[in-house]
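Inspection log for the structure reproduced underneath, given as C-alpha cells.
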Amino acid sequence: MREASTAVVQREDYSAPAFFIRQVDLTFDLDPAKTIVASRLAIERNPAQPAGPLRLHGEGLNLLRVQADGQSVSFRHEAGELVIDNPPAAAAFTLEIRNTCCPEKNTELSGLYTSGGGFFTQCEAEGFRRITFFLDRPDVMAVYTVTLRGDKARFPVLLSNGNLVEQGDLDHGRHYAKWHDPFPKPSYLFALVAARLVCREQRIRSRGGRDHLLQIHVRPGDLQKTEHAMNSLVAAVAWDEARFGLALDLDRFMVVAVEDYNGGAMENKGLNLFNTKLLLASPASATDDDFAAIESVVGHEYFHNWTGNRITCRDWFQLSLKEGLTVFRDQEFSMDMAGDFSARGVKRIADVQRLRSLQFPEDAGPMAHPVRPDRYLEINNFYTTTVYEKGAEVVRMMHTLVGRDGFRAGMDLYFARHDGQAVTCDDFAQAIADANPGSVLARQLEAFKRWYGQAGTPRVTASGTFDAEARRYTLTLAQSCPPSPAQPEKLPFVIPVDLRLIAADGTKLTPLRTLVLDSAEQSWVFDDIAQAPVPSLLRGFSAPVRLDDGLTSAQRLVLLAHDCDPFNRFEAGQRLVLDALLAALRDGGAPRLDEAVAAALRRTLRDPGLAPAFKKLVLLPPAEAYIAEQLTVVDPQRIHAVREHWRALLAASLHEDWLWAWEQHQVAEGYSPAPDQAGRRALAGLALDMLCLHAVRQGDATWPGRAYQRFKDAGNLTERMDAIGALVRAQSPLAEPALERLHALAQGDALMLDRWFALQASAPEPVAELHGEAPGRVFARAKALLKHPDFSLKNPNRTRSLLTSLCGGNPAAFHRADAAGYVLWAERLIELDAINAHVAGRFARVMDRWASLAEPYRHAAREAIARVAARTDLSNDVREVVTRALENA
Ligand code: TRP
Ligand code: ZN
C-alpha cells in the first residue's frame, strides 16, 4: 500500500521550518533484509516559531525507539509523519531515534537499497525519509557524522560523505568505517555505499596548491572502463577553478557506479553516484556519444559541488536554481573542452536540438510548467527538461545580456552573498543583476524573471523591409505566447535576439548586435545598408523561442552557404528540409527534393571548410518528434512515411557524394573520443546509412555486405553500432544475423544488452510504398521482447531500453490504428508503477502529446490514459501525470 501524502504542494505556501537540525550522527548496521539505523540529532527550535509540535518525515520505516535528551517521549504517526507534540521546551535538545528498513525489498531505488549485492542510496529529492525520520527538506542543513558497520567479506568498501576519520574490524567478520562531512548539507545530499568495489585513484594539486584524492569506485571487472571518467573529472576540477574561480573544497572526492539507478547521476557531497551507463566507457563498450555524455555528466555532478551543494535550494520549487545553472555550466565546460569554433558550434546545435525535441513538446503539453513551478503533487515529476534545459537557457540569456565578464562578476557576488545558504531563483537573478548595474538585465529584472514564472514557448515573428533608395532596413519583431495550464495569459518576455545582416554573397553588412525584444512588438532601423540584406536572426539560438523568421528559400540558401554562425547555418539547412517535409504532409504524397536544395546540401557535404560533425547535423533530416511539433494535428504514420521517403531521396540523389563521404572520412588512427575523430566517424556513419539504404532499394547486396563486415570487424563501438544501425534502418536481411551476433557479444554485459533491446525497439517500421510491407513488424518484435529472459522491469536502464525506446522513441511503431501500442503502454505502466514509481512517472509521459494526435489515435490514446487514471492504487507520480494529461488537454 502507498502511504505517502496525496496533497498538492504549493510554492506560495512555503514557510521556514519550525526546527533546525544542526548535527546528525548516524550509525548503520547494514543487513540487506533488516538494516538498523540509529540517529542522533542536535535540534534547535526556530526562534521565529516558538511553539508547536516537531514533525519528522518518514516513509516505509519501522520505528523502534524515540528519546529526547535521554528520556522517552510520546509520539504519534500522522499522514506519513512522526509527530512529537511535546518536544523539550529548551531552545536546543537531542533527539535519538532507532528504526529499521529493508534495503533488499526496496525496488523503488529511492532511500537505501541493494544492487548487485551491495548497498547504495538515492536521497534526492525525498529519499532520506525512507532511511530514517528527519526534517527532509533542503532548507534544513546539518553536519553529518556517519558510522557504517557490515560484513567485511561481502561489503569490503564502506563509503559516506566527507572524510574517513576511523575504520577497523569488529567481531563476527564485520568491520566499520566512520565518516565526517564538515560542510553543513541538506539530507538530499547524504549518501552511503557498502559493496565489493575496486577503485581508480588519482592525486591532483589545485591551482591554489591544495592536494586532493580523486577516486572512482566500480565493480572489479569494470576498472579498465574508468579512465575516461577520471580524465573528465580531472578536467572538470581544473575548469571550474579556471573559469569560475571555484576550487574543490574537499580532500577526497569519490565517484561510484551503480547498475540499478533511477536517474543519470547524483551530486551527493563528496560521493557522487552514477548510473553505470554514464560512467563506464572503453572504445569497445561505449560510443562517441557516450564518451561525450560521460564527460558532460561527470562535469555536471562535480559542478554541483558549488552550484547546488555549497549554495542549495530553499525549497524544491527552486530546483532550477541548481539544475538550470549547473546544466549551463556543464554545457560551457563541454564547449570549452571541444576546442575550436566549429566543435563548439556542434555542441551548441546538439544542445538546442535536445531542447527543441524534448522541452518544446513538454512546454506545449499537459505537464507544461514554469522553470520555477508553482505546484506539484510529486516532486520527482519535476526533474524535467524545463527545469534543466530551459533553466539553462534562462541562465544563458543572462550571460548574453551581461556579457562573459559581467556574468563572472555576478557569480562571484552570488557566492559572496549566499555561500552556505539555501536560497531561491530570485536570489540568483538578483546577484547577477546587482553585479551589473546599468545592464539591460538590471533595468528589466522583474520583466526578465517572467522566464522563471511563465510557462510556454514564446513565438517570435520577424519581418523586414528594405528601402533601397534610403539605404535603410527596418526589422520588426513581435512576440506572443500560447496559454499554459493555469496560465491563460502571458506578459511579454525579455528576449535577447542576436543578429547580423548579411548580403546575398555572404558579406557582413552590420556588426553583431543583441536586440532586446521586451514588448509585444518593436522595430529597429538599420541605416547605411547598401543592398537588400538577409537577416541572420537569433544567432546561436540566443533565446528559447520558436522563430518565424519570414525568410524565403532563397534567403535560407544564402545563410546555409555563408552564415558564419554555425547554429544559424545549420538552422537554414534544417528549415529548407523541414519545409519540404511539411509541404508533403500538407499536400499529400511523397516529399520533393528540389534541385536547388539538393545542390546546397551537396555543397555543404563537400565543403572543405566545414567540420564533418557539422555536416552530419545538416544532412540528417529532423526527427519525427520535431516534425510533429510543427503541426496542430499529428499523424505519426504519415510523418514516418514522409521522412523515410526523404531519406530514400537523399540516399539516391547524393549517391556519389555519400560514396565520397564514406571514403574520405575513415579513421585510421587509434581511437580517441575527441571531436575531430568522432566527427569523421559520425559523417562516415551517416554515409554508410545512406549507402545501405540505397543499395537495399536497388537490390544490391554490396553495401549491406560491407556494413556487416564493418559490424564484425569494427575496432570501436561507434563504428560497430553505426554499421548494425545502417542494416537495421535499411531493412536489410543482414540485420538479423547482426542482431544475433550482438546478443551473443552482450552476454554478461548489461549495458550492451540494453543496446540490443533499444536497437530493436527503435528500428523504423517498414513503409508500405517503399518496402512493400505494411508497418507492424517492429512493434510485434518489441512486444515479444518483453518476454525475453534478459528483460526485466526492475532495472531502470533495461526498462528504458525497451519500453521507452518503443513508446517514446518510435512513433510509427507505437501509434497504431488498432491501439495495441496504447494497451501495451497502459499494462506495462501499471505493472511498473507497483515496482518503481519514479521510473513509472517518467514512462507515463510518453503520452503527453496525445491531444494533438489525428484520429483514430487520439480517441484510443485518451481511452488508455483514462483507464490508467481510473485506478485507485496509483503512485502520486503516475497519478499526477495521467490526471494532468486528461485535464489539460
Ligand atoms: N540532482 C541530480 C542531477 O541532476 C538528478 C537527480 C535527482 C537524480 N533525483 C535523482 C538522479 C534520482 C538519480 C536518481 O544531477
Ligand atoms: Zn543536476
Side-chain angles (χ1 to χ4, degrees), residues 106-113 115 120-131 136 138 161 185-193 232-233 236 240 255-279 293-313 316-334 354 358 371 373 376 378-392 395 425 428 795-797 799-800 836-843 875 877:
N106 183 355
T107 60
E108 302 278 351
L109 313 183
S110 161
L112 177 63
Y113 64 94
S115 170
F120 301 86
T121 53
Q122 172 56 41
C123 293
E124 188 176 4
E126 298 180 336
F128 193 74
R129 65 188 63 184
R130 295 166 55 80
I131 297 175
D136 190 14
N161 317 82
K185 65 169 175 287
S187 50
Y188 82 85
L189 290 174
F190 166 81
L192 78 75
V193 170
S232 302
L233 180 58
D240 214 9
V255 170
V256 181
V258 51
E259 185 166 301
D260 299 290
Y261 203 60
N262 281 350
M266 179 64 212
E267 70 265 25
N268 317 298
K269 184 78 184 186
L271 181 55
N272 289 356
L273 258 66
F274 275 69
N275 188 320
T276 44
K277 81 165 192 261
L278 283 165
L279 197 77
I294 288 166
E295 178 181 88
S296 114
V297 179
V298 167
H300 180 98
E301 305 312 330
Y302 175 75
F303 303 143
H304 267 315
N305 191 49
W306 282 93
T307 51
N309 300 5
R310 287 288 288 254
I311 303 183
T312 194
C313 302
W316 291 120
F317 296 104
Q318 317 300 327
L319 184 58
S320 199
L321 171 80
K322 72 177 178 82
E323 296 303 347
L325 176 55
T326 305
V327 171
F328 169 78
R329 278 153 51 69
D330 83 50
Q331 291 175 345
E332 288 292 299
F333 167 60
S334 295
R354 186 182 162 81
L358 299 174
V371 168
Y376 59 76
E378 171 53 64
I379 184 56
N380 280 337
N381 284 333
F382 288 83
Y383 285 76
T384 60
T385 177
T386 297
V387 166
Y388 277 64
E389 277 81 17
K390 187 178 182 182
V395 174
C425 296
F428 176 74
N795 176 267
N797 288 356
T799 298
R800 287 187 280 257
N836 186 323
H838 182 110
V839 175
R842 291 248 141 175
F843 176 57
S875 65
D877 309 58

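First listed ligand is number 1; within each ligand, the first listed atom is number 1.
- Within ligand 1, the atoms closer than 4.0 Å to a non-hydrogen atom of Y261 are 13 (C), numbered from 1 in the order shown.
- In this structure, the separation between OH on Y376 and CZ on F317 is 5.0 Å, given to the nearest 0.5 Å.
- Between the side chain of D330 and the backbone N or O of G299 there is no donor-acceptor pair closer than 3.5 Å.
- Of all the heavy atoms of E126, none lies under 4.0 Å from any atom of ligand 1, so neither backbone nor side chain is involved.
- Taking a cut-off of under 4.0 Å to the non-hydrogen atoms of E323, the atoms of ligand 1 that pass are 1 (N), 2 (C), 3 (C), 4 (O).
- Considering backbone and side-chain atoms alike, N262 places every N or O at 3.5 Å or more from each N or O of ligand 1.
- Listed here is the closest heavy atom pair of D260 and P796: CA-CD, 4.4 Å.
- Remark: among candidates E124, E301, H838, the nearest residue to atom 6 (C) of ligand 1 is E124, based on non-hydrogen atoms.
- The atom of E323 nearest to the Zn ion (ligand 2) is OE1, with the search restricted to N, O or S atoms.
- The H300 neighbourhood of ligand 1 comprises atoms 3 (C), 4 (O), 15 (O), with distances under 4.0 Å to a heavy atom of that residue.
- Shown in contact with K322 at under 4.0 Å from a heavy atom are these atoms of ligand 1, numbered in order with element: 1 (N).
- The Zn ion (ligand 2) lies at the vertex of an angle of 100° between the NE2 atom of H300 and the NE2 atom of H304 (rounded to 10°).
- Formation of a donor-acceptor pair under 3.5 Å by the N161 side chain with backbone atoms of K269 is found in this model.
- When each atom of ligand 1 is checked for a heavy atom of M266 under 4.0 Å away, the hits are 1 (N), 2 (C).
- If you number the atoms of ligand 1 from 1 as listed, the ones under 4.0 Å from a heavy atom of E267 come out as 1 (N), 2 (C), 3 (C), 15 (O).
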Please step through side chain to side chain contact (heavy atoms under 4.5 Å, CB included) for the pair D240 and Y302, ending with a clear verdict. CA-CA 9 Å; D240 214 9; Y302 175 75; 4.1 Å; yes
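- Proximity of A265 to ligand 1, defined as any heavy-atom pair under 4.0 Å, is confined to the backbone N, CA, C and O atoms.
- With respect to R130 and E108, no salt bridge is recorded, no charged nitrogen being found less than 4.0 Å from a carboxylate O.
- The protein heavy-atom contact nearest to atom 12 (C) of ligand 1 is Q122 NE2, 3.2 Å.
- Among all heavy-atom pairs drawn from Y261 and L109, the shortest one is N-CD1, 3.9 Å.
- Side-chain atoms of S296 do not come within 3.5 Å of backbone N or O of S334 as any donor-acceptor pair.
- Remark: among candidates Y388, F303, Y383, the nearest residue to atom 3 (C) of ligand 1 is Y388, based on non-hydrogen atoms.
- Atoms of ligand 1 lying under 4.0 Å from any heavy atom of H304, numbered from 1 in the order shown and given with element: 3 (C), 15 (O).
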Where do F328 and T307 land on the side chain to side chain contact (heavy atoms under 4.5 Å, CB included) test, with the steps shown first? CA-CA 11 Å; F328 169 78; T307 51; over 6 Å; no
Candidate pair Q122 and N262, rule side chain to side chain contact (heavy atoms under 4.5 Å, CB included), full reasoning: CA-CA 8 Å; Q122 172 56 41; N262 281 350; 5.5 Å; no
